[in-house]
Amino acid sequence: MARLAQTAGLTDIQQEILSTVRDFVDKEIIPVATELEHRDEYPQAIVDGLKELGLFGLMIPEEYGGLGESLLTYALCVEEIARGWMSVSGIINTHFIVAYMLKQHGTQEQKDHFLPRMAAGDIRGAFSMSEPALGSDVSAISSKAVKDGEEYVLNGQKMWLTNGGTSSLVAVLVKSDEGHPEGTAPHKSMTTFLVEKEPGFGEVRPGLTIPGKIDKMGYKGVDTTELIMDGLRIPADRVLGGVTGRGFYQMMDGVEVGRVNVAARGCGVAQRAFELGIQYAQQRHTFGKAIAQHQAIQFKLAEMATKVEAAHAMMVNAARKKDSGERNDLEAGMAKYLASEYCKEVVEDAFRIHGGYGFSKEYEIERLYREAPMLLIGEGTAEIQKMIIGRRLLEEYRFQG
């Protein structure tokens, strides 16, 4: 085991899970990741392997067939998977957020119906907040649900769905004016609907269309899509939690743990970049010696390793805070902000160490260089994280004048 990014206080079970995942990453993901990424090919064999390991049910309670593990265990597994290929961690992240929202906010019928099949990996989850014109301004969503008897009719366009095509259950956030008179604060008139659909593209159920995959700079393999609702009819019992108007809070709770996940992904990608950089620095020779013996490269390696350690520590702290039952938006925001920024810097330094070869698609660092920027915007941009952090700090350090 590498010396960097160790986590103190893990149980024997946690260590065994992480060891199993690490072996899987080394044997099944790293050897094929770059080839699959260049082809933008969905990693079906890898996903099937994760299903066999039980990772789709890692945090789902045992009563529903899951492993009942903590957010910390999940985040550490994500860190390992992202070290192999970040796209794979994205496939399980959106699934995990929907399962978490169901566990925390779903009705008993919704939990009984969905969670056992989600734990088995037979149902794959995706969630949808963003829309083409709003970016991070969730309060400005225009997609809408209108009550019609025992159903709701949904209309609108959503954007940036990870697993949009391969998922069979999507948690969709829309406006719902029913019971919320005009003038109600936007965040109090939003509802999350549990939308079941067939995997694939095109019209996946009447009134619901998933166009083809969005072509991206990086983060390939995993499908990122739009979602178009045109007269989509959803039964009232598929309102998450059974009550309208709570969708914003449910989604923010899910995003809070999602930010821990993104931080974990940043840690994993940064670790891999460091591994590649320090390995190459000992193989490449200039001026009669390995470049690792040049002081400038040693300084760079020292900075990279320190950033990996700092990001990992903050990610672990945020996960443990959430596991304790406390509010962790401050810690999650800090961890996501730092880990994504440090990931970008560590990857760039490893890229520089590789010199001209880093620009070649034959080298793994080229893939990481294209993947790291996604973490700067996923689950909220750096600017959004700083807004959250700043507001929470003002709450905690309110001046009593």
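Keep in mind that the numbers below use all heavy atoms, side chains included, and drop hydrogens, waters and symmetry copies. Remember, predicted model here, so these are calculated numbers, not experimental data.
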Would you find a donor on one side and an acceptor on the other, under 3.5 Å apart, between the side chain of [X] and the backbone of [Y]?
X      : Y      : answer
His285 : Gln283 : yes
Thr191 : Gly245 : yes
Asp230 : Gly207 : no
Ser19  : Gln15  : no
Lys158 : Leu173 : yes
His95  : Phe56  : yes
Glu131 : Ser143 : yes
Gln6   : Leu4   : yes
Glu41  : Gly221 : no
Asp223 : Lys213 : no

Nearest-0.5 Å distance that lies between atom [atom1] in [X] and atom [atom2] in [Y]:
X      : Y      : atom1 : atom2 : answer
Arg83  : Ile30  : CZ    : CD1   : 4.0 Å
Thr225 : Ile210 : OG1   : CD1   : 4.5 Å
Ile353 : Ile365 : CD1   : CD1   : 9.0 Å
Leu208 : Glu196 : CG    : CD    : 12.0 Å
Gln157 : Thr209 : CD    : OG1   : 10.5 Å
Lys322 : Leu72  : NZ    : CG    : 14.5 Å

**Study point:** Whether Tyr280 and Tyr357 hold their rings parallel, tilted or perpendicular, with breakpoints at 30° and 60°
**Key:** tilted

Point to revise | Whether Phe96 and Tyr74 hold their rings parallel, tilted or perpendicular, with breakpoints at 30° and 60° | key: parallel

Exercise for review: May I have the step-by-step check of side chain to side chain contact (heavy atoms under 4.5 Å, CB included) for Tyr152 and Val174, ending in yes or no?
Suggested key: CA-CA 11 Å; Tyr152 288 86; Val174 299; over 6 Å; no

Review point. Between the side chains of Glu362 and Ser360, is a donor N or O closer than 3.5 angstrom to an acceptor N or O?
Key: no

If you take all heavy atoms of [X] and [Y], which pair is closest and at what distance?
X      : Y      : value
Pro206 : Leu232 : O-CD1, 3.5 Å
Ala372 : Cys343 : CB-SG, 4.1 Å
Asp112 : Pro116 : O-CD, 3.4 Å
Arg205 : Ile234 : NH1-CD1, 3.7 Å
Ala311 : Ala339 : CB-CA, 3.9 Å
Ala75  : Ala264 : O-CB, 3.3 Å

Practice item. Please report the C-alpha distance between Thr166 and Arg124 in whole Å, then the side-chain angles of each, then the deciding distance to 0.1 Å, and finally whether the side-chain hydrogen bond (donor to acceptor under 3.5 Å, both in side chains) criterion is met. Key: CA-CA 7 Å; Thr166 50; Arg124 305 280 171 79; over 6 Å; no

Identify whether the distance between the nearest side-chain nitrogen and carboxylate oxygen of [X] and [Y] falls below 4.0 Å.
X      : Y      : result
Glu331 : Lys321 : yes
Arg272 : Glu371 : no
Glu366 : Arg370 : yes
Lys344 : Glu348 : no
Lys216 : Asp40  : no
Arg39  : Glu35  : yes
Glu379 : Lys336 : no
Arg22  : Glu80  : yes

Exercise for review: Start with the C-alpha gap between Thr7 and His312, add the side-chain angles, then the distance that decides, and say whether side-chain hydrogen bond (donor to acceptor under 3.5 Å, both in side chains) holds.
Suggested key: CA-CA 9 Å; Thr7 308; His312 176 83; 2.8 Å; yes

As a test of understanding, state which of [options] forms a side chain to side chain contact (heavy atoms under 4.5 Å, CB included) with [X].
X      : options                        : result
Phe248 : Gln250, Met251, Met252         : Met252
Tyr337 : Glu383, Arg259, Met314, Lys386 : Lys386
Asn261 : Ile97, Leu71, Asn93, Ile92     : Asn93

If you define the side chain from C-beta out and look only at heavy atoms, does anything of [X] sit under 4.5 Å from [Y]?
X      : Y      : value
Met229 : Leu227 : yes
Val88  : Pro43  : yes
Met304 : Ile278 : no
Tyr100 : Asp253 : yes
Lys197 : Ser167 : yes

Exercise for review: Take His294 and Thr286 through the side-chain hydrogen bond (donor to acceptor under 3.5 Å, both in side chains) test and state the conclusion after the steps.
Suggested key: CA-CA 9 Å; His294 295 295; Thr286 63; 3.1 Å; yes

Review point. In this structure, which one of Gln110, Arg117, Glu109, Lys111 forms a side chain to side chain donor-acceptor pair (under 3.5 Å) with His113?
Key: Arg117

Within 6.0 Å of [atom1] in [X], more than 12 heavy atoms from elsewhere:
X      : atom1 : result
Lys27  : NZ    : no
Glu198 : CD    : no
Glu63  : CD    : yes
Gln295 : CD    : no
Lys144 : NZ    : no

Study note, to complete from the structure: From the list Glu395, Glu256, Glu396, salt bridge (Lys or Arg N to Asp or Glu O under 4.0 Å) with Arg327 holds only for Glu395

Review point. Given the rule in the side chain to side chain contact (heavy atoms under 4.5 Å, CB included) test, do Arg246 and His105 qualify, once you have shown the distances and angles that lead to the verdict?
Key: CA-CA 9 Å; Arg246 297 180 180 175; His105 306 287; over 6 Å; no

